[in-house]
Each structure stands twice: as C-alpha cells, then as structure tokens.
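Reading through the structure tokens given below for one structure.
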Protein chains: 2
Amino acid sequence: MTDIRWLDETEMAAWRAFLSTSHLLERRIEEQLKAAAGLTHPQYEILVRLADAPGRSMRMTELARGVVVSKSALTYQITQLEKAGLVERATCPSDERGVLAVLTDAGRRCLERVAPGHLEVVRAYLIDRLSRAELETMTTAMTKTERALRT
Amino acid sequence: MTDIRWLDETEMAAWRAFLSTSHLLERRIEEQLKAAAGLTHPQYEILVRLADAPGRSMRMTELARGVVVSKSALTYQITQLEKAGLVERATCPSDERGVLAVLTDAGRRCLERVAPGHLEVVRAYLIDRLSRAELETMTTAMTKTERALRT
DNA sequence: GAGTGCTTGTTCAAATCTGAACTACTTTTC
DNA sequence: GAAAAGTAGTTCAGATTTGAACAAGCACTC
C-alpha cells in the first residue's frame, strides 16, 4: 500500500472551486436554456456539434463521445430532438449498422435563435470574468486532463 | 437589441475544454466511487461536508447549497444514506422546522476508507497534472465565477 | 468464405434529478 | 399579538441518466 496523498491547501482550494463552479454553472445554463427554448444543455450541445459537423451530421457514437453522455442517453435525446423536428436520423451509407444524426433546417434556425442568449450566460459568469492569460491557462490545464480522460 | 457577442477562438477553446473536462471527470469519479463503495458523487460530497462541519452535522438547506443540488435531491440522498446507516436525521434545536443531517460513526469510517481512492482519481487526472501556478490561476478563475453564481 | 470477436445502436429497468405544490414553522409588520 | 410574508423540508410527477443485455452488421484470421 502506498501512502495516502491528501490534498494540501492549494490543491484542495483548486479542486473545490472547480467542482462547485462547474456544477453551479451547469445549473445556471440549464435554467437559461430551459426558459429560453425548452432545451436541456445536452440537447443544445448536440445541436452545436451537428451544426459544426460536415454535412451537419454525425454518427451516434461519435456524437455521444463529443457531448460526453452515454450511448443510451444519446439515443434518448436524439429521439426527443427528432420529435421536436430539430434533428433527423439517417442510415449511414458506409456502415449498415450506423445511424447518422442530421440537423434539420428547423434545428439550425433554433440554434441560431438560442445561441446568443446561451453565450451571454457563458460570458457573464465565466469568460468575461477571466483575463486572456487566465483563459489560456485554463485551456492548457483542462486540455491536459481531457486528454488523459479520453484514453 | 445588442450585438451578438460570439466567442473568439481563445474563448471558445477555454469554454469547450472546461465543459468537456468537467463532464469527463465527473463520469470518471462516479465510476470510481460506484466501484469502490457503491456511492454516487453527490453522496460522497455529502459525507465530506458533514465530516468537515462542526458537530459533524449540517442543516439540509445549507448542505444542499454546498453540494450544489436541489433541496429535493438532497432529501432523497439523505434518505438513501440514512438507509445505508451513514447519516442520521436529527431535529434542529434552534428551529423547529429545521432538520440536521448528522454523520454517523459508520459514515465517518466509510469516508476514511473511500477518500484515498477518490483523491487518487482527482490527483491522477487533474491536480497532479497542473503546476502550482496553474492551480492558483484555476482557483482565482473559478472563484470569480462561483461568487457571481452564488448571488 | 466460415468462424470468432468487435462495434453499433437500441431497449430496458432502476436510480436520480428537478421544480412545483404543500405543510409547518418563523419572522416581520402594523 | 394577530396577520402577512417568508423559510424549511418533504412529497410528488415527470424527465433524464446510466449500465447491462441484446440484435445486427463488420472485420480479421486461417
């Protein structure tokens, strides 16, 4: 057994701040999206990813990885978005098993309508409060962790 | 109407990295806690907060605010932890409406048993990958956002 | 080119989360 | 000190999440 490595004060402060802030921000974002468009945050992220993707479409698994939800959660959400007319399913030409989630025109318009208000929140609570240097440090820090977790 | 303020490349990179990383890390932590002790992350956080609190107890609302969950989610989780014998409810002496969540001895032992493995994950993916300067920048950055969101 | 093992996406049951409605108590106001 | 307004915690219904089990298609081996 190795020694227990507790967190010192600096480490604990960083971890606690990160944890609380990510949850608080998540809640605030959910609230804003729900009020503005009846969307959940995962749903919004799905629309964003699809809008950025070539052909406005992505494979289910790839999309799930991007949005960071389970495959079953994605299946559920795509079904919801399909009901709302914002996304469609198409069969993948190269792989018979595959399913493509495709952004509809209504989906694109919805995103264009919702994005500004969403970004206002992201700015108001996070981005606009940080200096350029802080933004860059955050990116490198987060990216290290992300890479480690994507393996 | 004000102009739409999109995020530039630096801002978007920071936001995307923060978002993905927080979700990925959350998932990894859930997985570890579930495997090691059958606890969810909110449950673990409840135990930590109670262990740090004077009298190893806290009011429900205060605890909900700390852990960043809704009051109803806390009610649910405290009930679960009570069934597991890790927490007890007590009536608040100063306020007849109030309920105190109190950490039991079993709860304290559980936390002592689980904490090292949990902290290993927090270290392995986040803390140990960051320099002292990065940790400090992250704390100040996150704290700004947290303060704004706690108002 | 049949067999074995992966990968894909869905379905399912169980757990959890949220906000709204509610009851009961406290605090403020006049 | 009664009435009004606010706060604490629970209950409830509905939405969402997850992992496990599954069916179907791909890909590699010999």
Side-chain angles (χ1 to χ4, degrees), chain A residues 22-46 50 57-84 87-102, chain B residues 22-46 50 57-84 87-102:
Chain A
S22 64
H23 288 162
L24 284 165
L25 190 50
E26 189 65 43
R27 281 167 76 79
R28 183 70 191 83
I29 286 171
E30 286 284 354
E31 183 188 17
Q32 191 275 327
L33 285 172
K34 188 81 73 184
L39 289 175
T40 66
H41 194 194
Q43 286 171 350
Y44 177 85
E45 279 298 312
I46 289 168
L50 290 179
S57 68
M58 272 199 219
R59 289 288 294 273
M60 295 294 277
T61 298
E62 188 192 6
L63 191 47
R65 252 195 278 278
V67 178
V68 189
V69 290
S70 66
K71 286 185 300 171
S72 40
L74 185 67
T75 293
Y76 175 77
Q77 287 298 357
I78 291 294
T79 303
Q80 297 307 108
L81 290 170
E82 222 174 5
K83 283 180 196 162
V87 163
E88 283 172 355
R89 272 183 238 246
T91 51
C92 178
S94 61
D95 187 338
E96 198 61 29
R97 298 165 301 178
V99 171
L100 283 175
V102 188
Chain B
S22 64
H23 288 163
L24 284 165
L25 190 50
E26 189 64 43
R27 281 168 76 79
R28 182 73 191 81
I29 287 171
E30 285 285 353
E31 181 187 21
Q32 191 275 327
L33 284 172
K34 188 79 72 181
L39 290 175
T40 65
H41 193 194
Q43 286 171 350
Y44 178 86
E45 279 298 311
I46 289 169
L50 291 179
S57 66
M58 272 198 218
R59 288 289 292 272
M60 294 295 276
T61 298
E62 188 192 7
L63 191 47
R65 252 195 278 276
V67 178
V68 188
V69 290
S70 65
K71 286 185 302 171
S72 41
L74 185 67
T75 293
Y76 174 77
Q77 287 299 354
I78 291 293
T79 304
Q80 297 307 108
L81 290 169
E82 221 173 6
K83 284 181 195 162
V87 163
E88 282 172 356
R89 272 182 236 246
T91 50
C92 178
S94 62
D95 186 337
E96 198 63 28
R97 300 165 300 178
V99 171
L100 284 175
V102 187

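So you know, we letter chains A, B, ... as the sequences are listed, proteins then strands, and number each from 1.
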Begin from the C-alpha positions of B:Glu31 and B:Lys34 and carry the test salt bridge (charged side-chain N to carboxylate O under 4.0 Å, His left out) through to its verdict. CA-CA 5 Å; B:Glu31 181 187 21; B:Lys34 188 79 72 181; over 6 Å; no
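When the nucleotides D:dC26, C:dC17, D:dG9 are ranked by their closest atom to the side chain of B:Ala73, C:dC17 comes out on top. Comparing C:dT16, C:dG9, C:dT18 by their closest approach to the side chain of A:Met60 singles out C:dG9. When distances are taken from the side chain of A:Tyr76 to each of D:dA15, C:dT10, D:dC26, the shortest belongs to D:dA15. When distances run from any side-chain atom of B:Thr61 to the nucleotides D:dT16, C:dT10, D:dG9, the shortest one goes to D:dG9. Checked against C:dT10, C:dA24, D:dT10, the side chain of B:Arg97 finds its nearest nucleotide in C:dA24.
If you measure from atom CZ of B:Arg59 to atom P of C:dT26, you get 10 Å, rounded to the nearest angstrom. With rounding to whole Å, A:Lys34 atom NZ is found 10 Å from D:dA15 atom P. One interatomic measurement links the two molecules: NZ of A:Lys71 to P of C:dC6, which rounds to 14 Å at whole-angstrom precision. Straight-line distance from the CD atom of B:Glu30 to the C1' atom of D:dT17: 10 Å, rounded to whole Å. Here the P atom of nucleotide D:dG9 and the CE atom of B:Met58 are 13 Å apart, to the nearest Å. Between the C1' atom of C:dA15 and the CG atom of B:Leu33 lies a distance of 16 Å, rounded to the nearest Å. Regarding A:Glu26, its CD atom lies at a distance of 13 Å from the C1' atom of D:dT16, rounded to whole Å. A:His41 places its NE2 atom 17 Å from the C1' atom of D:dA15, with the value rounded to the nearest Å.
Residue order along DNA chain D, read from the 5' end via each residue's closest nucleotide, puts B:Glu62 first among A:Leu74 and B:Glu62. Residue whose closest nucleotide on DNA chain C sits further toward the 5' end, between A:Thr75 and A:Arg27: A:Thr75. In this structure, A:Gln80 and B:Leu100 both approach DNA chain D, and ranking their closest nucleotides by distance from the 5' end singles out B:Leu100. Place A:Glu31 and A:Asp95 on DNA chain C by their nearest nucleotides, and A:Asp95 ends up nearer the 5' end.
In the helix from C:dG1-D:dC30 to C:dC30-D:dG1, the terminal helix axes, each the rotation mapping four pairs' C1' atoms onto the next four within five end pairs, subtend 30°, rounded to 10°.
Salt-bridge check for B:Glu30 with B:Arg27: failed, with every basic side-chain N at 4.0 Å or more from each acidic carboxylate O.
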Determine all donor-acceptor pairs shorter than 3.5 Å in which one atom belongs to a side chain in residues 64-71 of chain A; sequence neighbours excluded.
from    : atom 1 : to      : atom 2 : distance (Å)
A:Ser70 : OG     : A:Ser72 : OG     : 3.4
A:Ser70 : OG     : A:Ala73 : N      : 3.1

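Among the protein residues, A:Gln77 comes within range of the sugar-phosphate backbone only, with heavy atoms under 4.0 Å from sugar or phosphate atoms but none that close to a base.
Proximity of B:Thr75 to B:Val99: side-chain heavy atoms (C-beta onward) are nowhere separated by under 4.5 Å. By the 4.5 Å heavy-atom criterion applied to side chains, A:Leu100 and A:Arg59 are counted as neighbours.
Here the closest non-hydrogen pair linking B:Gln77 and B:Thr40 is NE2-OG1, 4.2 Å.
In this model, a side-chain donor or acceptor of A:Ser72 finds a partner on the base of D:dG19 within 3.5 Å.
Side chain of A:Glu82 to main chain of A:Arg89: a donor-acceptor pair is present (N/O by atom type, distance under 3.5 Å, no hydrogens or angles).
Here the CG-CG distance, from B:Leu39 to B:Leu81, works out to 7.0 Å after rounding to the nearest 0.5 Å.
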